[in-house]
Amino acid sequence: MARINENYLKLQAGYLFPEIGRRVNAFCEANPQADVIKMGIGDVTQPLCPAIIEAMHKAIDEMAVKATFRGYGPEQGYGFLRDAIAENDYQDRGIDVTADEIFVSDGSKCDSGNLLDIFGDDNVIAVLDPVYPVYVDTNVMAGHTGGASENGRYEKLVYMPVTADSGFEPELPTEHVDLIYLCYPNNPTGTVASRETLEKWVSYAKEHNAIIFYDAAYEAFISEADVVRSIYEIEGAREVAIELRSFSKTAGFTGTRCAFTVIPKTLKGTCKDGTEQLIHPLWNRRHCTKFNGVSYPVQRGAAAAYSDEGKRQIADLVAFYMNNAKLLREGLAVAGFQVFGGVNAPYVWLKTPGDTSSWDFFDQLLEKSHIVGTPGSGFGASGEGYFRLSAFNSLENTEEAIARIQKSVATSV
Ligand code: MLT
C-alpha cells in the first residue's frame, strides 16, 4: 500500500482562490443572468505590452530556423535576462546584486514553496497574519507545523498579527525564529513597511542567524518615492535575505510565467553541527535538479520589459491598474468604508461594516452587488473583519463595481 504525505490532511478546506471560484461558480449557476465582476484573485486583465509580444514573436521565429533554434537553456536563466534584471532592478538603483545571484523561474509562488527544499525541517517559521496563504500551506505540506486550531492557525508557526491598530506594521517576534516571510508591498493588505521597520527585521535576522524570505512581487506598483523597493537597500540584508520578484503582475505574465529569486552569494545557513554553509550553491543544485528553466520565448519577452519601449509600456500598464486602485479607495471611502492600501500596491483592504464577518461580507457583496472579492479571514485569523478588492480589472468594471457598492450602501441605510 503506497503511503501518502499525511501533512496534506492537515490543510484546511481548499486553497483560498479555488474555494472562492467554487462559490462563485455555484452562484453563477443559480443566477445565470447576473453580471458578476471579479475582484477576487489578483489576476491581470490587460494584454501583454507590444514590446514584449514583438520580442516573443521574434524568439518563436528563431526557434523555427536550425541556425537559431535552442534546446535546453541554462536552468538559472539566460544571461541576457539575468543581466537585464541585475542592471535595471538593482545596479542602476545603487543596489549590490549581480547577475549570477539571480535565478529565473516560472513563478514566485513556486519559488516560495520550493525554497523549503533547501532548509531543514526543524526551523521555527514566522509569518505575518494576514498572509499570502502559500507561505503557510507549503510549510504545512512539508510537515513543519502541527494541526490547525479553530481559528485556522497552525501549531508551531509563529504568527505576527498586522491590523489597522498597529498601522499594519508587525511587532518583532518575542521568541527566536529561523525563517521569516515578509511580503512588501504587502499582499493582502496593500500596505508597505517603513525603512525603519525593515532595518529592525534585518538586525533581528542578523542577531538570530535567521533568514528572511522577502517577497517583492508587487514592487513595480510602488508610487511613493521613499518606499523601499528591495530588501537589499537595507544595510546587511545581503547576509540575511532572499528576495523574490515576478513579472506576473508587473508585466502581465500570470499566464505566461516568469519570475526570479535573488540568492546573494554572501548568504549562509548552518548545519546541525554548527558549520556554516552558503545558500547559493544549494539553491543552484536544487534548481538544476528539479527545474529545466523558463522557455526561451518567454525569457525574451521578459527581457523586453527592460527595453526603453518596454519600460514605457509597462509604466502605462502599472498606471492603468493603479488608477483603478485610486478609484476604488476613493469610491469606497465615499461609501463610508475604512480603506487601506491601494497607494503602493494593486490591492485595497477594507474594514467590513460593524461586526460583519469577512465571509458574510463576501456573500452579501456577491448576492447584492454581484461583486467578488477576497475575505480577509482567508488570509489568516487577523484578517477577520477585513476584505480585499483587487485593482486588476478594466476601468469600466472598476467604475461599475464602485457604483454598485455605493448604491447598495445607500439603499441599506
Ligand atoms: C492573489 O490574488 O493574492 C494572487 O494573485 C495570488 C498569486 O499571485 O498567486
Side-chain angles (χ1 to χ4, degrees), residues 11 13-24 36-46 105-116 127-141 162 168 181-192 213-221 243-261 294 302 317-318 321-322 324-325 328 340-342 344-350 358-359 362 365-366 371-380 382-383 386-393 397-398 401:
L11 292 164
Y15 177 56
L16 176 62
F17 295 108
E19 173 60 19
I20 290 173
R22 198 187 55 73
R23 290 184 185 220
V24 173
V36 174
I37 300 178
K38 294 186 179 164
M39 305 182 121
I41 190 163
D43 193 5
V44 293
T45 55
Q46 297 302 109
S105 76
D106 59 346
S108 290
K109 169 163 136 177
C110 326
D111 280 356
S112 71
N114 290 336
L115 274 170
L116 295 177
V127 292
L128 303 184
D129 177 10
V131 64
Y132 179 44
V134 172
Y135 312 151
V136 171
D137 287 2
T138 52
N139 275 292
V140 176
M141 291 169 177
V162 279
F168 296 99
Y181 289 80
L182 296 179
C183 172
Y184 290 111
N186 186 255
N187 180 13
T189 65
T191 57
V192 290
F213 293 175
Y214 192 78
D215 185 348
Y218 297 93
E219 172 274 337
F221 297 87
E243 181 161 289
L244 300 109
R245 294 247 193 134
S246 176
F247 294 93
S248 280
K249 314 296 158 84
T250 311
F253 272 51
T254 52
T256 309
R257 311 307 309 153
C258 196
F260 60 92
T261 288
V294 173
L317 197 60
V318 166
Y321 291 127
M322 289 313 285
N324 289 346
L328 276 173
F340 308 94
N344 296 297
Y347 295 125
V348 170
W349 187 244
L350 62 96
S358 300
W359 276 110
F362 173 90
L365 202 61
L366 182 57
I371 295 169
V372 182
T374 311
S377 57
F379 296 104
S382 298
Y386 291 94
F387 198 78
R388 193 191 78 174
L389 287 173
S390 158
F392 292 115
N393 219 312
N397 276 353
T398 306

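When a ligand or atom number is given, it counts from 1 through the structure's own listing order. Residue numbers count from 1 along this sequence.
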For ligand 1, indicate whether the residue [X] contacts it via side chain, backbone, both or neither (heavy-atom separation under 4.0 Å).
| X | answer |
| --- | --- |
| F392 | neither |
| N187 | side chain |
| M39 | neither |

Which atoms of ligand 1 sit under 4.0 Å from any heavy atom of [X]?
| X | value |
| --- | --- |
| Y347 | 1 (C), 2 (O), 3 (O), 4 (C), 5 (O) |
| Y132 | 6 (C), 7 (C), 8 (O), 9 (O) |
| I41 | 2 (O), 5 (O) |

Y386-F379 aromatic ring centre distance below 6.0 Å: no
Listed partners of D106 passing salt bridge (charged side-chain N to carboxylate O under 4.0 Å, His left out), at least two apart: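 Partners of D106 by the salt bridge (charged side-chain N to carboxylate O under 4.0 Å, His left out) criterion come out as none, since no residue qualifies.
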CG-OH distance between N187 and Y347, expressed to the nearest 0.5 angstrom: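 Atom-to-atom, N187:CG and Y347:OH are 4.5 Å apart.
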Close N or O approach (K109, ligand 1; < 3.5 Å): no
Set of ring-ring contact (aromatic ring centres under 6.0 Å, His included) partners for F221, sequence neighbours left out: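 For F221 the ring-ring contact (aromatic ring centres under 6.0 Å, His included) partners, ignoring immediate neighbours, are F392.
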T189 side chain reached by F340 side chain, heavy atoms, under 4.5 Å: no
